[in-house]
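See below for the structure under consideration.
Here, residue 1 is the first one in the sequence, and each next residue gets the next number.
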Amino acid sequence: MTRFTGILLICVTLFSCINSNDKKVKEAPITDGIRRYEVSLFNIDTTRFEKGIAEIYPQYTIFLGSSLPDENGMKQLRNFVTDPLIRKTFQYTMQVYPDVQWLNEGFNKAFSIYRKEMPGKEVPQVYTYISGFDIQMPVKYTDSALIIALDLYLGADFPDYREMGYPLYISNRLSKEYILADCFKEIGWANLPDAGTNTLLDAMIEQGKTIYFAEKMLPDEEKEHLLKYSLEQLNWVEANERNLWTFIIDNQLLYSTDAKSITMFMTDGPFTSGFSEESPSRTGHWIGWQIVKKYMENNDVTLEDLLKDSDSQKILQQSGYKPARV
């Protein structure tokens with residue numbers, strides 16, 4: 001079995017177990033602290049590997065399944081923890097994250113706001129792990145668990161990011177200062193209605209809601225972390241907000257369902273096509289955030305109601321959004 005086949009199987013196991021173990025995970029409040037699966041897993045003595053897995057199993061059913069792994073599952077886990085690249089990644093992770101008390105403090109502060117803004121919602125148990133560079137999903141969330149792949153937050157200088165061919169616009173934000181914002185955007189996204197994205201406006205409002213949600217949970221967070229922008233990119237969108245909006249309106253893109261138009265403003269990349277190379281990508285996220293903020297300023301709406309509302313046109317109309325000249 002190849003290294004990455006083993007990693008894939010472990011990730012599949014993780015997803016297959018999330019829902020089946022909701023009840024067990026819900027019994028662990030956030031005050032238990034962050035559970036570090038990677039530390040527990042990689043510190044098992046491989047000469048007594050099966051016994052070691054049995055010892056950590058009660059805390060990590062979210063990863064290990066509704067019952068102890070069978071012989072084949074144990075083999076996959078052993079191959080994973082003894083793989084030289086993965087082992088090296090774990091060791092580097094421990095250098096960057098010898099402890100995560102600062103992160104736990106950030107979560108406790110944010111979740112105290114979460115309880116007030118989202119009454120009745122369960123506070124998830126937070127876990128960290130080594131994902132095998134699952135770049136598409138650095139954060140995974142269900143109602144009962146929030147799972148962070150620390151190997152995707154090792155810093156822009158982590159050499160394996162370059163070796164794996166990650167472009168700079170991605171590797172530059174694979175660092176610890178983005179963790180909290182990424183987590184709460186993921187939680188915000190999970191609370192949106194499953195209405196589907198039809199137009200550019202729909203896509204902008206969806207992303208605007210998730211950023212607004214994260215901002216409410218993390219009131220002291222830097223804007224550039226919420227947006228995954230550099231300071232220079234943030235300055236660019238602030239200075240060019242009116243130009244972006246005018247371009248969208250003049251070209252009749254707001255209600256466009258054309259995939260190319262939506263991609264232009266919503267998809268990740270080095271910059272927004274049609275604008276200068278100094279522009280960031282995902283400028284539609286910025287505009288959506290501004291619309292949502294105006295909507296919340298001008299209307300008596302709870303955060304829960306905002307997330308549930310799938311009427312993007314109503315949100316735009318009642319926002320009174322009109323970017324000013326700079």
Same apolar cluster (I L V M F W Y, side chains within < 4.5 Å links), Leu254/Trp286: yes
Nearest atoms (heavy-atom pairs only) where Ser319 meets Ile291: CB-O, 3.5 Å
Distance in Å, Leu192 CG paired with Gln207 CD, rounded so as to fall on 0.5 Å steps: 8.5 Å
4.5 Å side-chain heavy-atom contact, Tyr161 and Leu154: yes
Output field: ring centroids Tyr60/Tyr129 closer than 6.0 Å: no
Lys/Arg-Asp/Glu bridge criterion (N-O < 4.0 Å) met for Glu238, Lys223: yes
Heavy-atom closest contact (Ser131 atom, Leu152 atom, distance): OG-CD1, 4.1 Å
Side-chain donor/acceptor of Asp151 to backbone N/O of Gly132, under 3.5 Å: yes
Met266 backbone acceptor or donor facing His285 side chain under 3.5 Å: yes
Straight-line distance of Leu234 CG to Glu222 CD, nearest 0.5 Å: 9.5 Å
Whether over 12 other heavy atoms sit under 6.0 Å from Glu71 CD: no
Interatomic distance, Leu244 atom CG to Thr283 atom OG1 [nearest 0.5 angstrom]: 5.0 Å
Exercise: do Trp245 and Gln290 side chains pair donor with acceptor under 3.5 Å: no
Ile187 side, atom CD1; Leu307 side, atom CG - distance, nearest 0.5 Å: 11.5 Å
Side chain Thr257, main chain Thr199, donor-acceptor under 3.5 Å: no
CD/Gln136: more than 12 non-hydrogen atoms of other groups inside 6.0 Å: no
Side-chain touch Asn104/Val100, heavy atoms, less than 4.5 angstrom: no
Side-chain donor/acceptor of Asn299 to backbone N/O of Gln318, under 3.5 Å: yes
Nearest atoms (heavy-atom pairs only) where Thr272 meets Pro280: OG1-O, 2.6 Å
Value rounded to 0.5 Å, distance of CD in Glu206 from CD1 in Ile211: 12.0 Å
CA sep, side-chain torsions, deciding dist, call: Trp102, Lys176, side-chain contact (heavy atoms from CB on, under 4.5 Å): CA-CA 11 Å; Trp102 60 275; Lys176 63 175 63 177; 3.9 Å; yes
Any donor-acceptor N or O pair under 3.5 Å, side chains Thr302, Glu304: no
Side-chain donor-acceptor pair present, Ser144, Glu122, cut-off under 3.5 Å: no
Under 3.5 Å side-chain donor-acceptor pair for Ser312 and Asp202: yes
Heavy-atom pair with the smallest gap, counting every atom of Leu218 and Ala110: CD2-CB, 3.8 Å
Within-4.5 Å side-chain heavy-atom neighbours: Tyr92 and Asp160: no
Whether Asp70 side chain and Gly73 backbone form a donor-acceptor pair below 3.5 Å: yes
Side-chain donor/acceptor of Thr246 to backbone N/O of Asn243, under 3.5 Å: no
hydrophobic_cluster_shared for Leu168 and Leu227, side chain cutoff 4.5 Å: no
Pair Asp268-Ser281, side chain to side chain donor-acceptor pair (under 3.5 Å): steps then yes or no: CA-CA 6 Å; Asp268 212 357; Ser281 63; 3.2 Å; yes
Proximity of Tyr153 and Phe158 rings by center, below 6.0 Å: no
Met296 vs Val301 side-chain heavy atoms within contact, under 4.5 Å: yes
Side-chain donor or acceptor of Asn240 paired with backbone N/O of Trp236 under 3.5 Å: yes
Chi angles and distances behind the side-chain contact (heavy atoms from CB on, under 4.5 Å) call for Phe49, Lys75: CA-CA 10 Å; Phe49 190 72; Lys75 182 179 179 181; over 6 Å; no
Distance-minimising heavy-atom pair for Ser261 and Leu200: O-CD1, 4.4 Å
CD (Glu277) with more than 12 external heavy atoms under 6.0 Å: no
Hydrophobic cluster identity match, Phe271 and Tyr166, side-chain contacts under 4.5 Å: no
Identified ring-ring contact (aromatic ring centres under 6.0 Å, His included) counterpart of Phe90 within the set Phe42, Tyr97, Phe80, Tyr37: Phe42
Exam field: side chain Thr128 to backbone Leu150, donor-acceptor pair closer than 3.5 Å: no
Check: Arg282 side chain, Phe265 main-chain N or O, donor-acceptor pair, under 3.5 Å: no
Working for side-chain contact (heavy atoms from CB on, under 4.5 Å), residues Glu177 and Glu224: CA-CA 10 Å; Glu177 60 264 30; Glu224 51 265 40; over 6 Å; no
Asp182/Lys228 salt bridge by N-O under 4.0 Å criterion: yes
NZ or CZ of Lys293 within 45° of Trp289 ring axis and under 6.0 Å: yes
Heavy-atom pair with the smallest gap, counting every atom of Ala214 and Lys185: CB-CG, 3.7 Å
Any side-chain donor near an acceptor of the partner, Asp45 and Thr47, under 3.5 Å: yes
Side chains of Ile315 and Leu201 in contact at under 4.5 Å (non-hydrogen atoms): no
Nearest-0.5 Å distance, CD1 of residue Ile130 to CG of residue Leu41: 9.5 Å
Thr89 and Phe133, any side-chain heavy atoms less than 4.5 Å apart: yes
ILVMFWY cluster, Ile249 and Ile262 together (side-chain gap under 4.5 Å): yes
Minimum side-chain heavy-atom gap Ile147-Phe63 below 4.5 Å: yes
Arg35 vs Gln125 side-chain heavy atoms within contact, under 4.5 Å: yes
Side-chain (Asn251) to main-chain (Leu253) donor-acceptor, under 3.5 angstrom: no
